[in-house]
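Reading through the structure tokens given below for one structure.
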Amino acid sequence: MTDTSTSIDPVAFAAELIRCPSVTPAEGGALDLLETRLAALGFTCHRLPFEEPGEDRVDNLYARIGTTAPHLCFAGHTDVVPTGNTRDWQVGPFEGKVEDGVLWGRGASDMKGSIASFAAAAADHIAANGTGAGSISFLITGDEEGPAVNGTIKMLDWLERHDEQIDHCIVGEPSNPHELGEMIKIGRRGSVNMVITAQGKQGHVAYPHLADNPVPHLVAALAALDALVLDQGTEHFQPSNLEITTVDVANEATNVIPATARARINIRFNDTHTGASLIELVEKTIANIAAARSATISVSAKISGESFVTQPGQFVELVAKSVETVVGRRPELSTTGGTSDARFIKNHCPVLEFGLVGETMHKVDERVSVQDVEMLASVYATVIEGYFAKASDFAAERQGRP
Ligand SMILES: [Zn+2]
């Protein structure tokens with residue numbers, strides 16, 4: 001298995017992937033390209049297109065080599081966000097240009113660069129060790145930047161139905177704010193959105209006794225919500241945060257007391273809470289205000305995601321140590337930022353995120369340094385090597401899971 005033709009240059013491969021214009025939901029040739037390369041390495045590939053009424057059909061790829069535990073999975077997406085006006089770019093967003101140590105193009109950072117890096121690392125590992133101890137897989141969706149309906153969630157269901165048990169997962173999202181090695185994401189805050197509606201009685205401003213103005217009721221309710229201290233933060237999380245995002249009355253008239261007033265809030269919350277416990281807290285707070293004012297104020301809520309954290313243990317430590325070995329800095333273990341597909345994977349196995357620098361993601365002139373791509377490939381290679389060197393430990397951790 002030391003055939004050098006199966007080695008992968010991470011920078012050249014990332015550039016090839018960038019040349020596939022895979023703006024969600026278009027496959028753009030990116031999954032075909034990845035499948036071809038992984039199949040050549042010996043991976044068994046499954047294309048998993050999913051569709052449902054009202055959503056675009058999306059293609060996905062699950063590729064695995066090895067049949068035994070432990071099973072290390074790399075999760076990511078080949079779809080990219082739109083380019084915006086291509087004339088605003090210094091280089092064509094799908095040119096895949098490499099110049100003066102910089103890899104340019106849409107997806108360079110988010111996240112074709114990390115897919116190519118992991119593929120290069122896996123290729124090196126397979127060339128050196130074959131597929132003896134355990135399994136490596138790629139769980140790659142074409143629907144991360146879009147509605148995320150026909151992507152990772154459905155693939156995870158598919159894995160479960162086919163007895164494909166992944167034991168540990170690295171998501172290749174750009175986890176570093178400014179420099180490679182700064183940050184591993186080991187969890188995320190949860191998010192819940194609520195609409196607060198105060199119902200009054202419309203009337204003439206000159207006859208307020210004949211009306212019931214909902215605006216002061218809403219203002220009192222929002223003041224009470226804004227005064228809540230949700231928590232002080234926890235070991236791995238910053239304090240939970242409630243933001244009033246909009247207040248709407250839409251009253252054009254100067255002489256009319258409106259009938260309703262509405263506000264929206266968003267809460268980003270840590271592991272002190274659940275979406276349900278926060279909805280209960282807000283409902284209780286609102287009910288007290290409503291009772292004190294004899295007002296009618298209602299709450300509707302939608303939970304976008306619960307918080308989660310992968311407790312630092314041998315897996316997190318392996319990745320942190322690998323980053324330290326290659327890059328020379330100890331990464332911060334963070335739970336900041338927006339959501340990713342890790343929120344779905346966490347129901348199946350321990351998951352963390354480590355990828356490139358995210359400074360230019362979703363922007364014009366998305367780019368990464370060539371050196372970072374090469375170092376990321378080395379970090380992933382070190383992770384893979386360490387993982388299978390301790391295969392029995394990681395497999396045992398799997399056994400211990402409920
Ligand atoms: Zn991404």
Measure from the side-chain N and O atoms of [X] to the backbone N and O of [Y], and report whether any donor-acceptor pair falls under 3.5 Å.
X	Y	answer
Asp79	Val23	no
Gln238	Thr336	no
Lys363	Glu359	yes
Asp226	Leu222	no
Asn213	Ile257	no
Ser175	Met183	yes
Asp372	Val357	no
Asp143	Val149	yes
His178	Gly358	no
Thr310	Val351	yes

Could you point out which residue of [options] forms a side chain to side chain contact (heavy atoms under 4.5 Å, CB included) with [X]?
X	options	result
Ser22	Lys112, Glu27, Glu145	Lys112
Arg264	Val247, Asn193, Thr245	Thr245
Tyr387	Val319, Leu318, Asp393, Thr382	Leu318

Strictly below 4.0 Å, N to O, side chains only: are [X] and [Y] in salt-bridge contact?
X	Y	answer
Arg343	Glu306	no
Asp271	Arg189	no
Arg329	Glu179	yes
Glu164	Arg64	yes

Checklist entry - Stepwise, does the ring pair (Phe, Tyr, Trp, His ring centres under 6.0 Å) test hold for Phe269 with Phe237? => result CA-CA 9 Å; Phe269 58 94; Phe237 287 92; 9.3 Å; no

Checklist entry - Lys154 pairs by side-chain hydrogen bond (donor to acceptor under 3.5 Å, both in side chains) with which of Thr152, Asn150, Asp157? => result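 Exactly one pass, corresponding to Asn150.
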
If the plane angle is over 60° it's perpendicular, under 30° parallel, otherwise tilted; pick one for [X] and [Y].
X	Y	result
Phe315	His168	tilted
Tyr62	His71	tilted
His162	Trp158	parallel

Next on the checklist: Let's go through Leu230 and Asn241 carefully: what are the C-alpha distance in whole Å and the side-chain angles of both, what is the deciding distance for side chain to side chain contact (heavy atoms under 4.5 Å, CB included) to 0.1 Å, and is it a yes or a no?
Outcome noted: CA-CA 7 Å; Leu230 297 173; Asn241 177 50; over 6 Å; no

Please check if the number of heavy atoms outside [X] that lie under 6.0 Å from its [atom1] is greater than 12.
X	atom1	answer
Arg293	CZ	yes
Gln371	CD	no
Glu385	CD	no
Glu280	CD	no

I need the [X] [atom1] to [Y] [atom2] distance, nearest 0.5 Å.
X	Y	atom1	atom2	result
Ile303	Ile279	CD1	CD1	4.0 Å
Arg268	Ser240	CZ	OG	11.5 Å
Ser137	Leu72	OG	CG	7.5 Å
Ser109	Leu103	OG	CG	10.0 Å
Ile140	Asp59	CD1	CG	12.5 Å
Ile265	Leu242	CD1	CG	4.5 Å

Quick check: do [X] and [Y] have side-chain heavy atoms less than 4.5 Å from each other?
X	Y	answer
Val171	Leu352	no
Val282	Leu225	yes
Lys302	Val192	no
Ser114	Tyr380	yes
Glu353	Ile184	no
Leu139	Phe74	no
Leu333	Pro312	yes
Val249	Val215	yes

Taking all non-hydrogen atoms of both residues, which atom of [X] and which atom of [Y] are closest, and how far apart?
X	Y	result
Ala121	Ala377	CB-O, 3.6 Å
Asn176	Glu182	OD1-N, 3.0 Å
Gly355	Leu180	O-CD1, 3.5 Å
Gly151	Thr141	CA-OG1, 3.2 Å

Item to check | Derivation and outcome, side-chain hydrogen bond (donor to acceptor under 3.5 Å, both in side chains), residues Asp341 and His77 | outcome: CA-CA 9 Å; Asp341 279 354; His77 60 91; over 6 Å; no

Item to check | Steps toward side chain to side chain contact (heavy atoms under 4.5 Å, CB included) verdict (Gln90, Trp104) | outcome: CA-CA 9 Å; Gln90 293 184 50; Trp104 296 80; 3.9 Å; yes

Next on the checklist: Is there a side chain to side chain contact (heavy atoms under 4.5 Å, CB included) between Trp89 and Arg106? Walk through the geometry before answering.
Outcome noted: CA-CA 10 Å; Trp89 287 66; Arg106 177 57 83 225; 3.5 Å; yes

Next on the checklist: Centroid separation under 6.0 Å, is that true for the rings of Phe394 and Phe388?
Outcome noted: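 Ring centroids of Phe388 and Phe394 are no less than 6.0 Å from each other.
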
Next on the checklist: Checking Ser322 against Phe354 for the side chain to side chain contact (heavy atoms under 4.5 Å, CB included) test, could you report, in this order, the C-alpha distance in whole Å, the side-chain angles of both residues, the deciding distance, and whether it holds?
Outcome noted: CA-CA 11 Å; Ser322 301; Phe354 186 73; over 6 Å; no

Item to check | Cationic tip of Arg37 above Phe13 ring, under 6.0 Å, 45° of axis | outcome: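 The answer is yes; both the distance and angle limits are met.
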
Item to check | Working for side-chain hydrogen bond (donor to acceptor under 3.5 Å, both in side chains), residues Thr234 and Asn270 | outcome: CA-CA 7 Å; Thr234 63; Asn270 61 34; 4.6 Å; no

Next on the checklist: Can a side-chain donor-acceptor contact be found between Ser191 and Asn266 if the only test is distance below 3.5 angstrom?
Outcome noted: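 Yes.
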
